[in-house]
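Note sheet for the following structure.
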Amino acid sequence: MWQRSSLLLTLLFASVYHSDAWIYTISDTYVGQNFLETFQHIAIPDPTHGRTNYVDQLTAQYENLTFVDADSLILQTDFTNVVDPNSPGRNSVRIQSLKAYTTHAAIFDVRHIPEGCGTWPAIWETGPNWPSTGEVDIGHIKQSTLSSPSKSLVSMIFSHFSLIITTTTTYRLEGANNQSPSQSTLHTSPGCSMPPLGQADRTQSGRITQDTSSTDSFGREFNANGGGWYALERTPDDIRIWFWSRPDPSTPTAISSEAFTIDTSLWGTPIAHFPASISCDLNEHFGPNNIIIDIALCGDLASATFTDAGCGTDCATFVDQNPTAFIDAYFDIASIRVFEP
Ligand SMILES: *[C@@H]1O[C@H](CO)[C@@H](O)[C@H](O)[C@H]1NC(C)=O
C-alpha cells in the first residue's frame with residue numbers, strides 16, 4: 001500500500017515536473033530533397049486578401065520558386081514578371097507538412113527569410129483539416145487578431161516576427177514589410193487570456209508593449225547574420241518560442257550540433273511563453289497541427305503596415321509592378337527537425 005501511494009506520488013510529481021524538463025527524441029528531419037515528398041504545395045486563393053497567387057508544386061519547381069539541393073530548401077516569390085492587376089497576384093508558394101504533431105518541439109534552422117516591402121512571410125502551424133470549410137475564417141481570424149481583441153485570439157508581435165495564437169488551432173511566426181517595429185503586443189480575449197509576465201510561471205525575454213532591443217530575429221539583420229534557429233515547444237501545459245541568431249554563443253549545443261535528443265529545460269528563457277491556465281486550456285484549443293511555410297504578398301497584415309514601414313501608399317500596385325523588388329523575397333531553410341517525447 002505504501003509502495004503504491006509512493007509510486008502514485010512519484011508519477012504525480014513526474015507529471016507536474018515534466019513541463020519544465022521535457023526530453024524529446026527526433027522523429028522527423030526535413031532537409032533538402034525530402035521536403036518535396038513530405039510537404040505539399042497548397043495552391044489556394046490568397047486567404048489573406050492580398051496579391052499572392054499560390055502555385056502548385058509542378059509550377060513552383062518549373063518556375064524555380066521551389067528549389068531544393070542536398071542541404072537547402074529555397075522558397076521564393078516570382079521576381080521576373082510584371083503582374084496584371086486583374087490576375088490573382090504574384091506567383092508565390094505555400095507548403096504544408098503531411099504529418100501533424102501534438103506535443104512536440106521543432107527546430108527551424110533558417111538561413112534567410114524573405115525581405116522587402118509587401119512581403120508577409122510566415123512559418124506557422126495549424127490543424128490538419130485546413131483548408132476545409134474553415135479556411136477563409138482562419139485568414140479572417142488572423143486579420144482580426146491585430147485589430148479586434150474580442151476575437152478568441154492571443155497574438156504576440158515580436159518586432160518584425162510575431163507569434164499569433166488562435167484559441168482554435170493556429171500559431172505562427174511571421175513578419176511583414178521587412179519592418180522592425182519596436183513593440184511587442186499581446187491581445188487577449190475572454191476565451192483564452194494569458195497571465196501577466198511574472199505570474200503563473202510566465203517568463204519570457206520578449207516584452208509586452210514595451211520596446212525590444214533585439215533586432216536580429218527578423219529581416220535584414222537576421223539575414224546579414226546568416227540567419228539562426230527558431231525553436232518551438234508545445235506541450236499540454238505550455239507553448240514556448242526561442243530564437244538564437246547564428247553567431248549567438250548561447251545557442252544550445254544540442255541545437256547547433258543537430259543532436260537526436262534534446263532537453264528544452266536547458267534552453268534558457270524563451271522569447272515567448274504561453275502557459276496553459278484556468279483562463280486558457282491549451283488542450284482544449286489545440287489539436288494536431290501541420291507545419292506551414294508561406295510567403296504572402298500584401299494581404300491583411302502587410303497592407304495594414306505598408307505605409308508605416310515606409311513602403312509607399314499602395315501595396316498591390318507595388319507588388320504588381322516591381323518584380324525586382326522581390327529578388328530577396330525568399331526563404332532558405334537548412335532544415336526543420338521535429339522531436340517528440
Ligand atoms: C533556381 O534557384 C536556385 C536557388 O536560388 C538557384 O541556385 C538556381 O540557379 C536556380 N536555377 C535556375 C535554372 O535559375
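Every number for a ligand or one of its atoms is a count from 1 in the order of the listing. Just so you know, these numbers use all the heavy atoms, side chains as well, and skip hydrogens, waters and symmetry mates.
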> Asn225 side chain to Gly227 main-chain N or O, any donor-acceptor pair under 3.5 Å?
Replying inline: no
> Are the sulfur (SG) atoms of Cys298 and Cys315 separated by under 2.5 Å?
Replying inline: yes
> Contact residues of ligand 1 with a heavy-atom cut-off of under 4.0 Å?
Replying inline: Asn64, Phe67, Ile74
> Counting N and O atoms only, with roles assigned by atom type, does the side chain of Asn322 sit under 3.5 Å from a partner on the main chain of Ala325, one being a donor and the other an acceptor?
Replying inline: no
>> Given Ile95, which partner from the list Ile42, Asp294, Ile293 fulfils the side-chain contact (heavy atoms from CB on, under 4.5 Å) test?
In response: Ile293
>> Please verify the inter-ring angle class for Phe39 with Phe35; under 30° counts as parallel, over 60° as perpendicular, anything in between as tilted.
In response: tilted
> Relative to each other, are the rings of Phe243 and Tyr230 parallel, tilted or perpendicular (30° and 60° limits)?
Replying inline: tilted
